[in-house]
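Ligands are counted one by one from 1 in listed order, and the atoms in each one are counted from 1 as well. The structure presented is a predicted model; accordingly, all values stated were derived computationally and were not measured.
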Amino acid sequence: MAMRTCQKIKTTVNVLGKFSLRDFSGVKNLKMSKWQEEKDKFLGMSLENKRELYKSYTQLKDIPTWQEYAKKESLAKKIAAKLDFTMDDSLNETLREKISLFQGDITKLEVDAIVNAANSSLMGGGGVDGAIHRAAGPLLLEECKSLRGCETGDAKISGGYKLPAKYVIHTVGPRGEKPGLLQNCYKNSLKIMLDKKLKSIAFPCISTGIYGYPIEPAAHVAISEVRKHLESHADEVERVIFCVFLPEDERVYEGALQSYFPVK
Ligand code: APR
């Protein structure tokens, strides 16, 4: 009896021995590579082919810089800045061309990366998170599953898939007014932009929707972090777009932007 069992085990080992470890992990990777193949396909696509995929989009060249935007007579009155750093005013002229205030749907922006105001699971949600996942398609969620969540204040990058944007940078804002954590969302998203040598990025008003961060203090955190970043990396950036969704948020940003990117 024992002999027969040993023989059985030996045969089984022999059969299994023929499959290298690679084959088994290959089966697992086969499933994961679906999103990877699609991601590489979208990232390698020519602009004209990609444009056939998405219905409507806004090209970067059609988004006025803050310098151009600020010529509007009805600019909101300047909101007193709570500046926590001294600005290098000699850079103002250059930096006004590096930013934009855009009111509309971030999923339409044809830029290198749009930032998603996600939750720590990265499994999608409502608000801008829901809009981005809907526009990108189901493979975005597949890739997000491989990112294994995201801490509040941290940021992770994925492909953009069917979005006009090449990439999505997912960041998790704080619930309520916690400036240190919100600063980290902008800092870490801008760091990924730098590391990946991306030239254009659009931010929604992180944490100011479902997470309830009051828009004005959040705007000061967002804009001052971008100012700090541009003071050291202006020549590596083509454009940072503050993408507001609500008209009242546009008014707040108009006022706050004049404190950090003063216009004549
Ligand atoms: N384009 C640009 N901005 C948008 C869009 C859009 N399509 N949709 C919503 N917004 C704006 C909202 O008006 C708000 O100003 O994005 C900002 C952030 O709001 P939320 O999306 O509610 O994000 P947040 O407050 O950070 O809460 C995050 O909400 O969607 C869930 O999964 C997400 O649990 C997380 C939480």
Side-chain angles (χ1 to χ4, degrees), residues 54-60 62-63 76 99-138 140-141 143-145 147-156 158 160-165 167-189 200-223 225-226 239-257:
Y54 37 80
K55 299 178 192 54
S56 62
Y57 56 92
T58 307
Q59 294 183 50
L60 185 57
D62 297 330
I63 301 174
I99 60 163
S100 294
L101 175 56
F102 175 84
Q103 194 228 333
D105 182 352
I106 201 167
T107 66
K108 304 289 183 205
L109 300 185
E110 191 179 71
V111 288
D112 286 350
I114 58 172
V115 176
N116 180 22
N119 60 57
S120 52
S121 74
L122 294 186
M123 291 294 103
V128 70
D129 195 4
I132 288 174
H133 275 272
R134 277 193 301 279
L140 175 60
L141 185 60
E143 180 172 4
C144 285
K145 283 177 189 162
L147 297 177
R148 301 194 184 296
C150 184
E151 297 291 313
T152 302
D154 200 356
K156 292 189 177 180
S158 75
Y161 300 94
K162 294 187 179 135
L163 284 162
Y167 295 95
V168 180
I169 294 175
H170 306 264
T171 191
V172 181
R175 292 169 191 269
E177 190 170 350
K178 296 168 189 138
L181 285 170
L182 189 62
Q183 272 177 309
N184 289 345
C185 290
Y186 287 90
K187 261 187 211 148
N188 288 321
S189 301
S200 53
I201 191 170
F203 284 99
C205 306
I206 300 165
S207 278
T208 64
I210 295 167
Y211 280 178
Y213 204 121
I215 182 69
E216 196 183 317
H220 279 278
V221 170
I223 297 167
E225 280 312 307
V226 168
R239 200 81 68 80
V240 178
I241 299 163
F242 296 103
C243 179
V244 293
F245 201 51
L246 310 170
E248 55 271 33
D249 293 355
E250 186 176 21
R251 293 286 82 75
V252 169
Y253 265 76
E254 280 182 358
L257 277 168

Hey, is ligand 1 close enough to Ile210 that some N/O pair sits below 3.5 Å? yes
heavy-atom search around atom 11 (C) of ligand 1 in the protein gives Phe245 CB, 3.9 Å
Glu254 side-chain N/O to Ala76 backbone N/O, donor-acceptor pair under 3.5 Å: yes
Where ligand 1 meets Ala117 - atom numbers and elements under 4.0 angstrom, heavy-atom basis: 23 (O), 26 (O), 28 (C), 33 (C)
Going by distance only, is there an N or O of Thr107 that falls short of 3.5 Å from an N or O of ligand 1? no
Nearest protein heavy atom with distance in Å, relative to atom 21 (O) of ligand 1: Val128 N, 2.8 Å
Side chain or backbone, does Gly126 bring an N or O within less than 3.5 Å of an N or O on ligand 1? yes
Do the side chain of Asp154 and the main chain of Cys150 share a donor and acceptor less than 3.5 angstrom apart? no
Between Asn116 (side chain only) and Ile132 (backbone N and O only), is there a donor and an acceptor less than 3.5 Å apart? no
Given Arg239 and Ser100, is the side chain to side chain donor-acceptor pair (under 3.5 Å) satisfied, shown in steps? CA-CA 7 Å; Arg239 200 81 68 80; Ser100 294; 2.7 Å; yes
Pair Gln103, Tyr253 - check side chain to side chain donor-acceptor pair (under 3.5 Å), show working. CA-CA 10 Å; Gln103 194 228 333; Tyr253 265 76; over 6 Å; no
Measure Ile215 to ligand 1 on non-hydrogen atoms and call it side chain, backbone, both or neither using the 4.0 Å cut-off. neither
Under 4.0 Å to a heavy atom of Asp129 - the qualifying atoms of ligand 1, by number: 30 (O), 32 (O), 33 (C)
Any donor-acceptor pair under 3.5 Å from Thr152 side chain to Gly173 backbone: no
Any side-chain heavy atom of Leu141 within less than 4.5 Å of one from Met123? yes
Shortest protein contact, atom 25 (O) of ligand 1 (heavy atom only): Gly209 N, 2.8 Å
Polar proximity ligand 1 side, Ile106 side, N/O cut 3.5 Å exclusive: yes
Aromatic ring centroids of Phe203 and Tyr186 under 6.0 Å? yes
Interatomic spacing from CD1 in Ile215 to CZ in Arg251 - rounded to 0.5 Å: 12.5 Å
Between Gln183 and Glu225, is a side chain to side chain donor-acceptor pair (under 3.5 Å) present by the stated rule, with each step listed? CA-CA 7 Å; Gln183 272 177 309; Glu225 280 312 307; 2.9 Å; yes
Using a strict cut-off of 4.0 Å, indicate which atoms of ligand 1 neighbour a heavy atom of Thr208. 14 (C), 15 (O), 17 (C), 25 (O)
For Ser207 and ligand 1, answer yes if some heavy atom of the residue is under 4.0 Å from a ligand atom, otherwise no. yes
Under 4.0 Å to a heavy atom of Asp249 - the qualifying atoms of ligand 1, by number: 15 (O)
Short list, please: which atoms of ligand 1 are under 4.0 Å from a heavy atom of Asp105? 1 (N), 6 (C), 7 (N)
Pick, from Tyr213, Phe102, Tyr211, Phe203, the option with the minimum heavy-atom distance to atom 34 (O) of ligand 1. Tyr211
Out of all atoms in ligand 1, which are within 4.0 Å of some heavy atom of Gly104? Include the element for each. 1 (N), 2 (C)
With distance as the sole test, does Thr171 use its side chain to make a donor-acceptor pair with the main-chain N or O of Ser189 at under 3.5 Å? no
Does any N or O of ligand 1 fall below 3.5 Å from an N or O anywhere on Cys243, backbone included? no
So is Gly212 in contact with ligand 1, going by heavy-atom distances below 4.0 Å? no
Is it the side chain (CB and beyond), the backbone, both or neither of Ala131 that lies under 4.0 Å from ligand 1, heavy atoms counted? side chain
Nearest 0.5 angstrom please: Cys185 SG to Ile206 CD1, how far? 5.0 Å
Closest non-hydrogen protein atom to atom 17 (C) of ligand 1, residue and atom name please, with distance? Cys205 O, 3.3 Å
